[in-house]
Each structure stands twice: as structure tokens, then as C-alpha cells.
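Below is one structure, written out as C-alpha cells; the observations come after it.
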Amino acid sequence: MEDFETLLKGSAAAHGHLCPGQVVGVRMAMEGCRLLGLDNPRELPQIKTLIVYVEMDRCATDAISFVTGVKLGRRSLKFINNGIMAATFVHLETGKAFRIVSRETARDLAHEYAPEIGDKHQQQLEAYKRMSLDDLFTVEEVRVTVKASDMPGPTRFKAVCQDCGQVVRDKREVMKNDRILCRPCALGTYYQPVTPQGKKNV
Amino acid sequence: MCKPKRDPAFRTIPVEEAVGTTLAHDMTEVIPGESKGPAFKKGHKITSGDLCRLMRMGKNNLYILDLANDEVHEDGAVLELAAALSGPGVTFSASPAEGKLELRAEYPGLFKVKVQALEEFNMLQDVMCASIHTHAAVKANQSLAATRAIPLVIHRTDLDAAVNFAGENYPILSVKIFQPLKIRLIITGNEVYKGLIKDQFKAIVEQKTTDLGATLEEAVILPDDRDMISAQIRNYLEKDTDLIITTGGMSVDPDDVTKAGIEDSGFEQIHYSAAVLPGAMFLLGYHKNTAIMGLPACGLYHKTTIFDLILPRIMAGEKPGPRDLARLSHGGLCLNCKPCRFPACSFGKAG
């Protein structure tokens, strides 16, 4: 694995800017990989051994993705919408898993780690680089049961919505009133059609 | 079901001869003070790169399993079995444990088992699946069933037969999602209406219905007056109501007029009485898309009644009829255990 500064530079470039969240995410990912014994997670064979569950969709998430190589489209990055600055690193072969949570108290310690910097944003950014892992994170060994339908690899599960005909992958279908339905048909949509006729190619 | 088979293909070989062979069991690695866990999983095909690690683990000899082309290791087999058995709302881990997979609920709902098909599945060679009872109200991630291949290796033809059977009877196991029903309640009884005693039904009904995702939109207390009860039901029918619940007045005394009030209100299909104790004087009816339940007063005393058996089915969009109420007879006697262990008991588990 590359050194911290190299990873941070690459992460910031990939994300679009350098920020405290990038620092936290890079350090979180490096620690997660270290705990799992992964030193080259972005390449084969290790790329197939890691799944990361992120609990926020903020800057740190992109940093974790950059450092570890996990991606939503590879099914190695899972988004759990908890709104918590945390991520769980799961080794698929050993079953080992560690949940790392960013300590909120780290903000209050920023001035101790970077007292020479006046700007709060810059102070946090620099302090999070220097901060001890114990001050920055809590780490807990956990067990994660990865569902067969959540695993990376070829699509193994498909169903067809009996209402709209849409193919539903990975066991996301729902049984409602004795019909197998996609979630939009069963539970409603997050969007509203603009045309009253519904589906149209525009 | 299992018939006599050839001996498992275990062989002991020196570790340096193990490249290309398949491990017969998990191999645990202990790194003092750091970790303990499976370094290699059962079924792992050993490569030359594994030899040093195995030797460092103190393994000079290995049990290996020679799989013929028509044989499938139990871990691979159980993933195929689980996939074939699991319909909508049923999921399972990607990692079998001891050759077994637990099937769990993806979301809260009504667990459905095609009981006859499950029984036939278990008549097939070298496979098994055991489940909890059909029609159980289940929570997300709750264990529903478990399946496995019986032997360490299963013949491909036997596995295919089981998988194909499950496919032909799909879905043998499924979870019907609970719908967020809008419920309106009528509490009947002169004693409650006049304030002689305090109503306790509303809290009971509200807790049991909201636990399953329904909302109690409205509740009124009425005297034992047939016309008033009937008028209130019609009033509820004019609103957006999925389920009307009445409490009390379902028995045989002169003051018990709730059933008559329901009959006057326009419900076409009314089924009165059920082969369940407590809850024999239960009423279940339907009018268009609205259901009505008449709960007898036993629900005030007994923690679990027929209400707990029928409500989940209504919540899942089912319309139980007289046959369903009669089928509850086998297993329909509550033993009044103290404390109540429902649903972990025989109550409501028609077999």
C-alpha cells in the first residue's frame, strides 16, 4: 500500500478537493486494511477479499473507496444510510471484520494537535493527519453476515415484476398480495412521473 | 432423506503432495496474541502458494477430499438449495456454517410456506429443509428455516432433483410484506360508554396493530346499541379504511348486539365463530376492500387470542375465510402458559 500522503493526494484528486473528511477517510481505510492484513487491496487477489460497509455518503466515503478500491458497481462497497461517520471492513475469506467509527471528540482535540493553525478548517485537516488513531477512531471487531444476494460476482438472482415486467436483481423483489413485485410497484417510488401517461422515452 | 452411500472420500496425504486437492474441513490458524480463525475454508483447493502457510501452521499431513465430477461439496450444494427454496423476502448468508444455511426474513411480513411442497422436498434424496410454521408474523432478519445437504458430498443428480423440484414449486418459502393498513376502531359496551369502567381495549389493539405497521386512525366508544354501531361502521366505510375492528358484544347475552350491528352495516361476507380458544366468538367479514374483525371480550384478559393469528394475515393482504378459521382448530387451543411464550408455542400452528 502506498504511504499516507500519496494516498491522500490521490484521494483528494479523485474526490475533487482536499478536506478533513478525506484525511479521516484515508486513515480509516488504511487502518481497516491493516487490521485485516491487506496491504494491496486495490489489486488482485486482495481486491476480491474485501467488502466495506460505509455508513455515510460524505467525503470520507470517497476516500475509503479510493484507498481500498471498493466500488458500488463492483458490489464491494455497501452503503448503509445511518448518517454515521463509520465504516466496517470485512474480509470475505477469513470472516474477520472491524467497524471503525470517527470520534466526534476529535473535533475538540484539533486545536491541541495543530495549535499553530488559526483557520478551523485547515486546523482540522492538519490535526487529523497528526492525531493518534485512538483519538481519531473507535475500533470494534464485529461479525457481518454477508448475504449471498449481496456478494460481488455475476448476477445470481433475478425475478420479474408481475406488475410492470421490470427485471429485479439480487433478491430485491417483494411479495405483496401473492404477487412478486419490484419495490417501486410494491412500495411506491422516490420520484413522481411528470407525464400522466407514465413511461415515455423523452 | 438419506440412503447408504459410499464412504466419504477422505484421504490423508503429506502436505507437500496436497497441491490441487480439496480440503475436507476448515483449517484454523492461531497467531498467538493476534488472531484465531479459519486460514483455509473447507472446500479450498490447495495451491503451491498455500504450502508454506500450512507448514507454518504445523500441518504436515492433511485430510483431503477427492470430489468426483458428479459430486458437489456440501457448502456449494447448500447455496444452491437455499437459492431454490428462497422466494421473495427470504435471504441467506453467502457463507454456509457446517454445511448449513439459515434462511432469514428480508423484511417484516407474513411467512408463507407451501407446506405440502416442503414435505415433498424432504422426501428427496440427501437434502433437508426445516422451517418455522407458515403464517407466522416475522420481523426483518428473523430466522425462518434452515437447509443443508445431508452428506459431506452430494451427487449432482440428487442436488439437481431437489433444486428443480423447488423451482417447479417456487416459492416454497416466501414473506408477504405487511401493508400499512389504516385501521378504525369501535369499542362497544354500556359500561365503558357510561364511564363505569375504563376502556383497555384501545391500548391493546393499538399496540398489536402498530407493531405490524398499521396505523390506528380513529377510535370511538359506543353503547350496546345496534343502530349506533351500524351507523358508525358505515361512517368508517365512507372513509379511507382498510380494517374496522370492533371490540366486545360478540357473545350471546341480550346486550351483545355488535354482531347484529355489523350485519346491518353492509358487509357481504361475514364469518362468525372460529375453532380457536380463546376467541371462539370471533367475527371476520369483508366489504369490497375493507375487512372487519369483531373481537370478543376475551382479548381483554388473554394476552394472545385469535386476533393475533388473523391480524398478520389481514396485514399481508389475505382474506381468510371459513375454511381458514376451521383449519386453525388443530393447534387452536391456547394453553394459557404463564408467562405467555407466543409465538414460540403450539397456538395457531395448524399442522
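Source: prediction; values computed, not measured. The chains referred to below are lettered A, B, ... by the order of the sequence lines, with proteins before strands, and numbering in each begins at 1.
With a 6.0 Å radius and a threshold of 12 heavy atoms from other residues, nucleotides or ligands, A:R42 has its CZ atom above the threshold. More than 12 heavy atoms of other residues, nucleotides or ligands lie within 6.0 Å of CG in A:D3, so this atom counts as buried by the packing criterion.
In this structure, A:K147 and B:S93 have side chains that are not in contact, with every pair of non-hydrogen atoms separated by 4.5 Å or more. Put simply, the side chain of A:D150 does not reach to within 4.5 Å of the side chain of B:T91, judged on heavy atoms. At a threshold of 4.5 Å between non-hydrogen side-chain atoms, the residues B:V175 and A:M175 do not count as touching. Counting heavy atoms from C-beta outward, A:T94 and B:F40 have side chains that stay 4.5 Å or more apart. No side-chain heavy atom of A:K176 sits less than 4.5 Å from a side-chain heavy atom of B:F178.
At a cut-off of 3.5 Å, with distance as the only test, no side-chain donor of A:N177 or B:E318 sits close to an acceptor on the other residue.
When all heavy atoms are compared, the tightest approach of B:Y107 to A:E173 is CE2-O, 4.0 Å.
Interface summary for chain B: among A:L181, A:T145, A:D178, A:L187, the most heavy-atom pairs under 4.5 angstrom belong to A:D178.
Using modelled atom types, no side-chain atom of B:K176 and backbone atom of A:V174 make a donor-acceptor pair closer than 3.5 Å.
Of the charged side-chain nitrogens involved, none lies within less than 4.0 Å of a carboxylate oxygen, so that A:R172 and B:E106 do not count as a salt-bridged pair.
Both the backbone and the side chain of B:A83 come within less than 4.5 Å of a heavy atom in chain A. Heavy atoms closer than 4.5 Å to chain A are found nowhere in B:P180, neither backbone nor side chain.
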